[in-house]
Amino acid sequence: MNFIEELRWRGMVHDLMPGIENVLKNPGCAGYIGFDPTADSLHIGSLVQIMTLVHFQRAGHKPIALLGGATGMVGDPSGKSQERNLLDQDTLAKNIEGVQRQLEHFLDFSGPNAAEIVNNYDWFENLSFIDFIRDVGKHITINYMLAKDSVKSRMENGMSFTEFSYQLVQGYDFYHLNQNKNCQIQMGGSDQWGNIVTGTELIRRKSGGEAYALTTPLIKKADGGKFGKTEEGNVWLAKERTSPYKFYQYWLNTSDEDAATYLKIFTLLDEQTIAQLLRQHLEAPHLRLAQKTLAADITQRVHGTEELNNALLATDILFGKATAEALGTLKEEVFLQVFEGVPQAQISSDLLHKGISIVDLLVAEGKFLSSNGEARREIKANAITVNKVRVDEQFILTSEHLLNERYVLIGKGKKNNFIAVFN
RNA sequence: GGGGAGAUACUCAAGCGGCCAACGAGGACAGACUGUAAAUCUGUUGGUUCAUACCUUCGCAGGUUCGAAUCCUGCUCUCCCCA
């Protein structure tokens, strides 16, 4: 199966330029995708692009990941309704480093079609403004640039010359890679079509070369929500930003419909395996085999086996039939990772000698709830657990309840947790 | 500038002298069911030593009254109509 066919059945092709399949007949073609260093980590929205490169490489071609050290300084107006703030050079340098480290996880940098990472700042650094407008600007008309969606949609509200120029800068990237790396293909999200086409246009007019565009669809959730967002914000690839446990949970919680789509896009499982998996899922939907496979596959690829196992263990303990003993088996490090972002309270362990009533623990000491009345209501409603064990109003906390000798896990309902730390 | 309407808890919105901690809807939280889903049903959604009690709340500040979210005065803000 060739690259295009592969992407097609996976639902990863939004649009492509005719003729691209011809070029891709021979292995070893170079193709690139640009990544914006707007943060020191990519989030899972970029995963579609990363997987596209992975497939490209598996099909025997040479993937190039371009980091926008220069374009990041200009700001891509595509899909943006407002002018963006510019990043300073230090931040940009730090971001590039972080993003590069992540990309290195996914691609193979050895062999005949070794992947490559380039930074467009390297060729823009010494290109003067005059050279640029003479050598690049001369080939593209304003009329052409104005016709782009990314520009048209901003005519009402205004757009700086900087962002207006963006498509030329990105176009020049393509031209540069075409000249220096024989790169004929640029891929990207569907919002990149306009920018990519400016590049192919520039290549044709400047050097008479042929270049092609391929875009992937925008990933959406079946319920219309934004992909890759939680209440807490983006789902990041960096474990410092989104813990492997939360990462795993994000994928595990996808709907049945989305899981089928995501399996194709985000895993390397083949068509038969996925079809088989979905059949099994349909027979026993409550086992959520599709989600579990999806979550495990992606977590493993992004964070590695060890982190995946921790996430699985934590998930089992939190959502399985967990006992206080099982909770105690969690390593402190994993425990803290699982409950990262959960409200915590520091409480003096002296209080444990005479014991702390559950109401005091929730309100006076822990400040987890705002009033005693609320605490009593929740207790009466059977909502409160201590170390996964339901408690009533008579419950008294003592030192024998401590996990890892200092933690107590308090749950309110299924999804709200609090941690009391004793020291 | 003239005339009119309004401001109530997270939001919308009733209430127009005592039975008002304030109807109802949405949202949120919880319980049951379930697949850590959706739908559904139920409960809760000012505070207190848990109570047929007390305290604080209906734009702000005063006042009338045994008693005010409700009546009066002033202030602030919002909306509508006319010029």
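Here is the naming used below: chain letters follow the sequence lines, and residue numbers restart at 1 for every chain.
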Starting from the 5' end of RNA chain B, give me the residue, A:Lys380 or A:Gln249, whose nearest nucleotide shows up first. A:Gln249

For nucleotides B:A7 and B:C72, find the distance between their P atoms and express it as a whole number of Å. 14 Å

Between C1' of B:A38 and CG of A:Asn253, the distance in whole Å: 13 Å

May I have the distance from A:Phe368 (atom CZ) to B:C29 (atom P), rounded to whole angstrom? 18 Å

Expressed as a whole number of Å, how far does the P atom of B:G74 sit from that of B:C79? 23 Å

In whole angstrom, give me the gap between the C1' atoms of B:C71 and B:A83. 34 Å

Between B:G35 (P) and A:Asp258 (CG): distance, integer Å: 20 Å

According to the Watson-Crick and G-U wobble definitions, with both distances under 3.5 Å, which nucleotide is paired to B:A61? B:U73

Pairs involving residues 36-55 of chain A, ordered by first then second residue, that meet ring-ring contact (aromatic ring centres under 6.0 Å, His included) (sequence neighbours left out): A:His43-A:Trp236

Give the nucleotide from the list B:U49, B:U34, B:G31 with an atom nearest to the side chain of A:Asn372. B:U49

Using the P atom as the point on both nucleotides, what is the distance between B:G24 and B:G15, in whole Å? 14 Å

Looking at A:Asp90 and A:Lys94, does any basic side-chain N land under 4.0 Å from a carboxylate oxygen? no

What interatomic distance, in whole Å, is found between C1' of B:G4 and the corresponding atom of B:C10? 31 Å

Should A:Lys148 and A:Glu201 count as an ion pair when the cut-off is N to O under 4.0 Å? no

Can you tell me the base-pairing partner of B:A32? Count Watson-Crick or G-U wobble geometry only, both distances below 3.5 Å, and say none if there is no partner. B:U40

Rounded to whole Å, please give me the gap between CG in A:Leu369 and P in B:A30. 11 Å

Whole angstrom value for the distance that separates C1' of B:A30 from CG of A:Leu362: 14 Å

A correct 5'-to-3' footprint of nucleotides 40-46 of chain B, with B, S and - meaning base, sugar-phosphate only and no protein heavy atom under 4.0 Å, is ----SS-

Does A:Glu257 have more than 12 heavy atoms from other residues, nucleotides or ligands lying within 6.0 Å of its CD? no

Let me know the distance between CH2 of A:Trp251 and C1' of B:U36, rounded to the nearest Å. 17 Å

Inspect the contact between A:Glu6 and A:Arg58 and indicate whether a charged nitrogen and a carboxylate oxygen are less than 4.0 angstrom apart. no

Identified pairing partner of B:G46, criterion: Watson-Crick or G-U wobble below 3.5 Å: B:C55

Quick one: look up who B:A5 pairs with, Watson-Crick or G-U, both distances under 3.5 Å, and put none if it's unpaired. B:U78

Whole-angstrom distance between B:U34 and B:C41, as gauged at atom C1': 13 Å

Give a yes or no on whether a salt bridge exists between A:Arg241 and A:Asp40, defined as a side-chain N under 4.0 angstrom from a carboxylate O. yes

With a 4.0 Å cut-off on heavy atoms, is A:Asn382 in touch with a base, just the backbone sugar-phosphate, or nothing at all? sugar-phosphate

Is there a donor and acceptor pair closer than 3.5 Å between the side chain of A:Lys292 and the base of B:U36? no

Starting at CG of A:Leu312 and ending at C1' of B:U36, how long is that distance when rounded to a whole Å? 14 Å

Which is more 5' along RNA chain B, the nucleotide nearest A:Pro285 or the one nearest A:Arg390? Just name the residue. A:Arg390

The side chain to side chain contact (heavy atoms under 4.5 Å, CB included) partners of A:Met145 (sequence neighbours excluded) come to A:Ile140, A:Phe164, A:Gln167, A:Leu168

Euclidean distance for C1', B:U11 against B:U36 (whole angstrom): 29 Å

Quick check: closest heavy atoms across A:Val302 and A:His105, and the distance to 0.1 Å? O-CD2, 3.3 Å

Whole angstroms only, please: what is the CG-C1' distance between A:Leu294 and B:G35? 16 Å

N-O pairing of A:Glu271 and A:Lys264 below 4.0 Å: no

Check: A:Tyr32 ring centroid to A:Phe174 ring centroid under 6.0 Å: yes

Just call it for A:Asn416: base, sugar-phosphate, or nothing, with non-hydrogen atoms closer than 4.0 Å on any strand. sugar-phosphate

Separation between the P atoms of B:G62 and B:A69, rounded to whole Å: 15 Å

Considering every strand and a 4.0 Å limit on heavy-atom distances, what is the contact class for A:Glu374: base, sugar-phosphate, or nothing? nothing

What's A:Leu252 touching, base or sugar-phosphate or nothing? Going by heavy atoms closer than 4.0 Å. base

For a quick check of understanding: with a heavy-atom distance under 4.0 Å over all strands, which category does A:Gly373 fall into, base, sugar-phosphate or nothing? base

With both distances under 3.5 Å as the test, what is the Watson-Crick or G-U wobble partner of B:A14? none

Please pick, from B:G31, B:C29, B:U36, the nucleotide with the shortest atom-to-atom distance to any side-chain atom of A:Ala383. B:G31

